[in-house]
Amino acid sequence: MRKILLTVVLALFAMPLFAKDVVVNSDDAMKFDVSEIKVKAGEEVKLTLNHTGKLAKDVMGHNFVVLATGTDVQAFANAAIQAKANDYIPEGDDRVLAHTKVIGGGESDTITFTLKEKGTYEFICSFPGHSFMMKGAIIVE
């Protein structure tokens with residue numbers, strides 16, 4: 001009986017039954033609470049961005065933007081400044097693989113995405129002036 005139970009438990013852990021759930025918190029001090037996220041190539045990721053601060057999104061808004069490998073983050077951030085009407089995401093920019101909307105204090109947004117290729121993908125907040133502090137990497141294995 002123990003062997004059967006152990007086999008079932010191990011089989012369940014080996015099966016990707018659900019998307020990988022990731023929660024990222026941001027605050028009024030321009031910080032994400034994570035700087036690295038690890039996922040498997042082809043794994044669906046369900047990411048929730050929470051803004052735990054109190055300031056409104058027009059003052060201290062945050063988003064979570066996953067960039068293609070090799071993206072010049074500073075060049076992207078400079079382009080994003082011009083895209084206020086689109087939550088600081090330049091229209092049709094193929095450097096953006098996934099993104100949340102801009103949120104303010106007490107708000108959340110959830111997105112689902114899949115990164116198919118192994119590698120390192122940078123993530124940032126593209127709200128003006130935030131990308132130099134609010135950044136990290138998604139490691140796809």
Side-chain angles (χ1 to χ4, degrees), residues 2-141:
R2 287 176 131 171
K3 284 185 179 182
I4 293 172
L5 183 59
L6 180 60
T7 302
V8 170
V9 169
L10 290 175
L12 287 174
F13 280 113
M15 294 172 54
L17 297 175
F18 302 102
K20 177 173 178 116
D21 287 328
V22 177
V23 175
V24 177
N25 296 303
S26 59
D27 61 21
D28 289 338
M30 290 181 13
K31 291 186 289 187
F32 287 132
D33 67 345
V34 297
S35 60
E36 185 177 280
I37 300 167
K38 290 188 178 183
V39 300
K40 294 182 172 123
E43 176 178 45
E44 187 175 78
V45 178
K46 179 181 172 189
L47 183 135
T48 300
L49 176 65
N50 297 316
H51 191 318
T52 60
K54 297 185 186 314
L55 296 174
K57 71 179 180 179
D58 61 332
V59 177
M60 188 58 66
H62 300 311
N63 63 4
F64 187 96
V65 183
V66 181
L67 298 171
T69 58
T71 297
D72 178 334
V73 174
Q74 187 58 50
F76 175 80
N78 290 341
I81 290 170
Q82 306 303 315
K84 180 179 181 180
N86 197 40
D87 280 338
Y88 300 103
I89 303 296
E91 289 272 345
D93 194 322
D94 61 359
R95 295 174 290 184
V96 178
L97 302 179
H99 67 88
T100 66
K101 64 183 181 181
V102 172
I103 59 174
E107 296 179 326
S108 296
D109 191 28
T110 300
I111 58 173
T112 302
F113 61 93
T114 302
L115 299 171
K116 296 179 181 174
E117 302 290 327
K118 292 181 180 182
T120 300
Y121 299 79
E122 293 187 71
F123 64 81
I124 65 166
C125 172
S126 66
F127 193 88
H130 289 196
S131 64
F132 73 97
M133 288 182 63
M134 298 183 76
K135 60 186 176 181
I138 299 176
I139 311 298
V140 181
E141 301 171 328

Calculate, to the nearest 0.5 Å, the distance between atoms NZ and CG belonging to Lys46 and Asp21 respectively. 5.0 Å
Taking only residues two or more places apart in sequence or in another chain, which ones pass side-chain contact (heavy atoms from CB on, under 4.5 Å) with Ser35? none
From CA spacing to verdict: side chain to side chain contact (heavy atoms under 4.5 Å, CB included), Ile37, Val24: CA-CA 10 Å; Ile37 300 167; Val24 177; 4.2 Å; yes
Distance from Glu44 atom CD to Lys20 atom NZ, nearest 0.5 Å? 13.0 Å
Working to the nearest 0.5 Å, report the span between CG of Leu97 and CG of Leu115. 6.5 Å
Please, which pairs that meet ring-ring contact (aromatic ring centres under 6.0 Å, His included) have at least one residue in residues 74-120, sequence neighbours excluded? Tyr88-Phe127
Result block: side-chain N/O donor-acceptor pairs under 3.5 angstrom for residues 101-109, not counting sequence neighbours:
from, atom 1, to, atom 2, distance (Å)
Glu107, OE1, Gly104, N, 2.6
Ser108, OG, Asn50, OD1, 2.5
Asp109, OD2, Lys101, N, 2.8

Can you name the closest pair of heavy atoms from Ala41 and Lys118 and give their distance? CB-CG, 4.1 Å
Can you name the residues that form a side chain to side chain donor-acceptor pair (under 3.5 Å) with Thr110, not counting sequence neighbours? Thr48
Residues 54-66, side-chain donor-acceptor partners within the protein, below 3.5 Å, at least two apart:
from, atom 1, to, atom 2, distance (Å)
His62, ND1, His130, ND1, 3.2
His62, NE2, Asp27, O, 2.7
Asn63, OD1, Ser126, N, 2.7
Asn63, OD1, Ser126, OG, 3.4
Asn63, ND2, Asp87, O, 3.1
Asn63, ND2, Ser126, OG, 2.9

From Gln74 atom CD to Thr71 atom OG1, the distance as rounded to the nearest 0.5 Å: 13.0 Å
Run the side-chain contact (heavy atoms from CB on, under 4.5 Å) test against Glu36 and tell me which residues pass, sequence neighbours left out. Lys38, Ile139
CD/Glu141: more than 12 non-hydrogen atoms of other groups inside 6.0 Å: yes
Closest approach of Tyr121 to Glu117 (non-hydrogen atoms, all atoms of both residues): OH-O, 2.8 Å
Quick one: closest heavy-atom pair of Thr69 and Thr120, and the distance? CG2-O, 3.0 Å
Can you tell me how far CZ of Phe32 sits from CG of Asn25, rounded to the nearest 0.5 angstrom? 10.5 Å
Determine the minimum heavy-atom distance between Met30 and Gly129, stating which atoms define it. CE-O, 3.8 Å
